[in-house]
Number of protein chains: 2
Amino acid sequence: MLMQNNHAFDHVEKTGEAIDAGQSLSCLFLSSAAEPVSAGKAICWEGDKAKHLFQVEEGVVRLHRIIGEGRRVITAFLFAGDLIGASLQNDFIFTAEAVTECKIRRMSRKSFHEEVARSEALVPAYISLLCQEAAAAHEQMVLLSKKNAEERLCSFIVKLASRRNPRPRQGLVRVPMNRQDIADHLGLTIETVSRTITKLASRNIVIPEGRHDLRIVNLPRLIQLSGDADDFSDDSCHRVKLH
Amino acid sequence: MLMQNNHAFDHVEKTGEAIDAGQSLSCLFLSSAAEPVSAGKAICWEGDKAKHLFQVEEGVVRLHRIIGEGRRVITAFLFAGDLIGASLQNDFIFTAEAVTECKIRRMSRKSFHEEVARSEALVPAYISLLCQEAAAAHEQMVLLSKKNAEERLCSFIVKLASRRNPRPRQGLVRVPMNRQDIADHLGLTIETVSRTITKLASRNIVIPEGRHDLRIVNLPRLIQLSGDADDFSDDSCHRVKLH
DNA sequence: CGCAGAGTTGAATAACGTCAATTGATGTGG
DNA sequence: CCACATCAATTGACGTTATTCAACTCTGCG
């Protein structure tokens with residue numbers, strides 16, 4: 001569920017299928033106006049009847065659940081093109097909030113399903129999307145289950161980096177969310193996130209530039225530290241390129 | 001992805017839709033023979049091309065991934081009726097192994113998708129199944145992110161208990177998997193699982209009877225301790241009330 | 001009976017969390 | 001443009017929880 005439509009690394013080619021999945025479904029939303037949502041504002045609430053699906057036209061969205069008092073889990077960040085609520089049955093099982101200024105399109109769940117059912121092409125696109133979500137959820141479970149703080153951070157940064165950046169300056173990755181968001185997504189505290197970034201910086205792997213940018217100095221090492229890399233691939237290094 | 005087709009609690013009614021989802025899809029597998037798989041044996045391997053889907057006819061199956069050396073994550077346990085690989089695109093992203101003696105049916109992924117596409121009724125059933133998996137994956141992410149050892153164990157036991165037990169003796173829950181399996185599913189170590197069960201037993205909440213059964217003595221408390229419970233629900237309140 | 005594997009228990013340790021103080025960034029009004 | 005206020009992020013000291021490593025117990029089985 002983390003960062004849908006994207007694999008962890010650039011060198012894993014997106015299948016044509018996967019690209020179509022997002023894009024053909026996106027067309028359904030074009031008939032509705034793109035509503036602006038300012039940063040921090042909610043788009044839908046956990047527990048509400050899922051009458052609508054949404055599409056992120058622009059900006060970054062977080063999906064979260066709250067358990068107990070003050071325990072927040074961010075199950076996913078969504079980016080331009082992603083759908084909100086594709087995998088819902090009846091109710092929203094998460095709250096969606098704008099991380100940055102967003103433009104959001106909506107359509108009723110009913111007509112979404114009708115449109116999908118109507119078109120031969122959209123059913124596989126929709127199914128493909130659901131499968132991608134499942135794969136992402138799998139990844140996230142592995143991260144939360146067995147990775148330490150450093151591996152979590154590195155995995156997260158690599159995933160951010162592998163996404164086409166809005167402003168693709170050399171090795172500079174935009175981090176739209178704040179430290180608390182990152183912490184709640186990685187199952188850590190804000191302090192641990194901060195300390196871990198500091199440690200990575202001291203080892204000259206990534207260097208924070210302001211609150212919302214990271215310069216990636218040593219990508220191969222970063223990938224290696226993410227815990228997903230083949231331990232035996234000395235070429236895990238040059239296989240992966242940023243853009 | 002945890003224990004598909006089931007909600008956490010008995011009192012949460014399954015929707016007719018959800019039941020149909022599993023059952024109508026199951027029919028597709030009836031044409032193939034039920035192959036016996038003995039405990040511990042693999043059904044498919046992570047990384048292999050997903051040429052087949054499987055259905056658990058009988059027994060319990062675990063899905064896992066290995067990262068690094070000796071780190072295993074069990075992303076789900078599957079029970080009779082569940083499908084293995086419904087949410088796959090190309091390759092298996094997990095290894096499936098029999099926890100107990102199993103009977104497994106298979107069918108090619110190609111013909112599965114053809115059959116589903118052919119039938120008006122099966123598409124929504126399939127989509128419904130994928131959505132249930134997504135919801136279960138969400139739950140599991142919350143558990144792994146924000147719950148402590150006790151809450152994890154209690155959540156797990158409640159989920160087991162809410163599943164229709166093979167031998168539904170009063171408050172006795174069958175636990176087919178061993179401690180290591182439980183640990184790898186809950187993101188804990190075997191020792192922590194053991195200690196936590198001991199602690200729950202000393203508080204007279206559940207009592208282990210042999211290695212593979214748990215007697216549930218105080219279900220309301222168990223639910224409360226699982227961390228999912230409504231803090232304001234009537235009977236969790238009077239229990240918590242100060243003397 | 002004795003062995004092997006699974007499970008439990010205990011003590012020491014490491015990793016992350018908590019609390020509190022400090023630094024740094026951003027934004028605003030003079 | 002600077003001074004100040006405010007909030008985000010970092011850093012440090014300390015506490016807690018789960019892990020690690022090791023010893024021991026229990027169970028099933030030949």
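Note on naming: letters A, B, ... go to the chains in the order of the sequence lines (proteins, then strands), and numbering restarts at 1 for each one.
B/Ile182 has its CD1 atom 8 Å from the P atom of C/dG7, to the nearest Å. Rounded to whole Å, atom P of C/dA15 lies 16 Å from atom CG of A/Leu153. Atom CG of B/Asp184 and atom P of C/dA6 are 13 Å apart (whole Å). A straight line from CG of A/Leu144 to P of D/dA18 spans 16 Å, rounded to a whole angstrom. Taking atom CZ of residue A/Arg72 and atom P of nucleotide C/dG17, one finds them 15 Å apart after rounding to whole Å. When rounded to the nearest whole Å, the span between CG of A/Asp213 and P of C/dA25 equals 13 Å. Straight-line distance from the NZ atom of B/Lys147 to the P atom of D/dT17: 18 Å, rounded to whole Å. At whole-Å resolution of the value, NE2 in B/His212 and P in C/dG5 are 16 Å apart.
Side-chain proximity of B/Arg195 to D/dT20, C/dA20, C/dC16: nearest is D/dT20. In the set D/dA18, D/dA9, C/dG7, D/dA9 carries the atom at the smallest distance from any side-chain atom of A/Arg211. Residue A/Glu191 has its side chain nearest to C/dT18 when only D/dA18, D/dC26, C/dT18 are considered.
Residues A/Glu150 and B/Gln180 each lie close to DNA chain C; by heavy-atom proximity, the contact nearer the 5' end of the strand is made by B/Gln180. DNA chain C is contacted by both B/Arg179 and A/Ala149; B/Arg179 maps to the nucleotide lying nearer its 5′ end (nearest heavy atom per residue).
Residue A/Leu78 is tested with A/Leu83, A/Val61, A/Val99 for a side-chain contact (heavy atoms from CB on, under 4.5 Å); the sole match is A/Val61.
OP1 or OP2 of D/dT11 sits under 4.0 Å from a side-chain N or O of A/Thr198. A close approach under 4.0 Å does occur between a side-chain nitrogen or oxygen of B/Thr189 and OP1 or OP2 of D/dT19. Residue A/Thr192 places at least one side-chain N or O under 4.0 Å from the OP1 or OP2 atom of C/dG17.
Using a 4.0 Å heavy-atom distance criterion, A/Ile197 is classed as making no nucleic acid contact.
Here the straight-line distance linking atom CZ of B/Arg72 with atom NE2 of B/His185 works out to 11.5 Å at 0.5 Å rounding. Annotation: the span from B/Gln140 atom CD to B/Arg152 atom CZ amounts to 9.0 Å, rounded to 0.5 Å. Expressed to the nearest 0.5 Å, how far OG of A/Ser145 lies from NE2 of B/His64 amounts to 13.0 Å. Taken from CZ in B/Arg174 to CZ in B/Arg163, the straight-line distance is 14.5 Å, to the nearest 0.5 Å.
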